[in-house]
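Everything numeric in this text was worked out from a predicted model, so none of it was measured. Both ligands and their constituent atoms are indexed starting at 1 by order of listing.
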Amino acid sequence: MTHASKLFPAEQGRFLKTLRGEHADATPIWLMRQAGRYMPEYRALRERYTMLESIHSPELSAEITMQPIEAFDLDAAIIFSDILPPLSGMGLELDFIKGVGPRLANPVRSRADIDALRTPSMTEVMEGTLGAIRLVRKELDTRGIPLIGFSGAPFTLASYAMEGGGSKSYVHAKSLMYSDPEAWDVLMSKLVTVVSDYLSAQAAAGAQALQLFDSWAGALGRLDYERYVQPYTRQVLASALATGVPVIHFSTGTGAYLESIAAAGRTAVGVDFHVPLDEAWARIGTDRVIMGNLDPVRLHAPWEVLRRGADDVLARAGGRRGHIFNVGHGILPDTPVDNVRRLVDYVHEATSR
Ligand code: CP3
């Protein structure tokens with residue numbers, strides 16, 4: 001463990017200062033999927049417990065959340081969970097299948113299925129994650145490191161609920177959206193209720209920032225995004241911002257309509273690696289906080305290649321305040337641990353001011 005003990009509260013740390021638009025002593029960095037299979041500590045723990053056990057146990061979830069914090073000088077922790085467990089509270093049977101990924105055994109396919117979806121209190125359904133947030137805050141507070149809570153966005157969750165797992169065409173979700181807008185509205189409105197409730201509950205439990213993942217929003221054209229998705233995302237973001245906690249709106253494959261993503265709410269915007277950071281920043285407005293956007297596969301390359309990638313992102317950020325360094329999508333299972341350590345330290349060294 002190399003990081004110096006922090007003598008200031010997390011509110012005065014680089015990550016939250018940057019999210020508030022204030023000057024920070026260096027560019028903050030955290031990595032999407034920073035807790036995961038690339039870490040031997042994570043693999044060892046997951047040999048003993050399933051994904052669902054790890055998510056629903058406050059102690060295990062807290063321990064996994066802390067693994068990358070112990071190992072690297074990261075500027076924020078993200079609570080260990082997944083975007084899909086809230087769907088099980090709505091009536092979907094969720095499992096994580098080794099080597100395959102998440103699966104929902106009874107996907108939503110009809111209006112009757114949609115009407116049958118429940119919208120229970122997330123305080124009960126996600127009790128384990130909320131308990132983990134409380135536990136982890138105690139540990140992080142002594143180090144001055146803030147905790148990020150998160151949820152899937154209505155569109156990404158609706159797609160999972162209808163496809164039952166990963167998809168290339170999103171044929172079920174998009175067909176319903178086009179052919180039965182009224183049923184789509186019922187489905188998306190239920191998800192707005194659940195996601196808004198879940199994000200508020202995480203803020204109340206101690207999350208100091210909230211991230212909304214709309215990982216599948218890129219499946220749509222701009223006009224369809226604006227018509228069928230943005231109104232619901234707007235409601236969720238407004239309710240998340242009303243908690244008083246800063247919010248990051250992340251999506252992938254949305255380079256064709258970043259302006260519409262940014263227009264969904266006055267949040268920080270997480271961008272993937274398809275659009276160069278300076279171009280993305282100009283499009284969302286340089287008054288907005290931006291998070292991104294190194295291609296995570298760069299972490300598999302030799303250090304010099306990785307460093308050039310980091311330099312490029314930093315050069316495009318131009319030393320302006322309001323940049324949070326991150327990968328443009330989650331880091332992959334076989335990422336070399338040493339490259340993660342070097343990247344985190346390098347971003348701090350290169351931007352120290
Ligand atoms: O970032 C973090 O470290 C926090 C934890 C976190 C996980 N999933 C843990 C996880 C977060 C924030 C997520 C979000 C998530 N989950 C998203 C949105 C972000 C994105 O990647 O686009 C999505 C689409 C999911 C759904 C999901 N969960 C998939 C597609 C998979 C399978 C892919 C894979 O890597 O296995 C998961 C499983 C999952 N979620 C793992 C982890 C650590 C791997 C589980 C294992 O150990 O086998």
Between atom CG of Leu187 and atom CD1 of Ile114, what is the distance when rounded to the nearest 0.5 Å?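 Spacing of CG (Leu187) from CD1 (Ile114) equals 5.0 Å.
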
Roughly how far, to the nearest 0.5 Å, is the CD atom of Glu63 from the CG atom of Leu135?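 Nearest 0.5 Å value for the CG-CD distance: 11.5 Å.
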
Tell me, which protein residue and heavy-atom name are nearest [atom], and how many Å apart are they?
atom                    : answer
atom 32 (C) of ligand 1 : Pro102 CD, 3.5 Å
atom 39 (C) of ligand 1 : Met51 CE, 3.4 Å
atom 36 (O) of ligand 1 : Arg37 NH2, 2.7 Å
atom 1 (O) of ligand 1  : Arg33 N, 2.7 Å
atom 6 (C) of ligand 1  : Ser81 O, 3.5 Å
atom 30 (C) of ligand 1 : Tyr160 OH, 3.2 Å
atom 18 (C) of ligand 1 : Ser215 OG, 3.1 Å
atom 28 (N) of ligand 1 : Asp82 OD1, 2.8 Å

Purely on distance, is any nitrogen or oxygen of Pro333 under 3.5 Å from one on ligand 1?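 Checking ligand 1 against Pro333, no N or O pair falls under 3.5 Å apart.
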
Backbone of [Y] reached by a side-chain donor or acceptor of [X] within 3.5 Å:
X      : Y      : result
Asp311 : Arg308 : no
Arg109 : Met162 : yes
Gln202 : Thr129 : no
Ser61  : Ser57  : no

Per-atom contacts, ligand 1 versus [X] - under 4.0 Å to a heavy atom:
X      : answer
Arg46  : 45 (C), 46 (C), 47 (O), 48 (O)
Ile79  : 4 (C)
Phe213 : 12 (C), 18 (C), 19 (C)

Considering only heavy atoms, which of Ile78, Asp272, Leu157, Leu84 lies nearest to atom 4 (C) of ligand 1?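 Looking at heavy atoms only, the winner is Ile78.
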
When you look for heavy atoms under 4.0 Å from ligand 1, do you find them on the side chain of [X], its backbone, both, or neither?
X      : value
Trp216 : neither
His329 : side chain
Lys98  : neither

Any non-hydrogen atom of Phe250 lying under 4.0 Å from ligand 1?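 Judged by the 4.0 Å heavy-atom criterion, Phe250 does not count as contacting ligand 1.
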
With Ile324, the side chain to side chain contact (heavy atoms under 4.5 Å, CB included) member among Ile29, Val289, Thr27: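 The option that passes is Val289.
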
Counting heavy atoms not belonging to Arg227, are there more than 12 under 6.0 Å from its CZ?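 Result for CZ/Arg227: open.
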
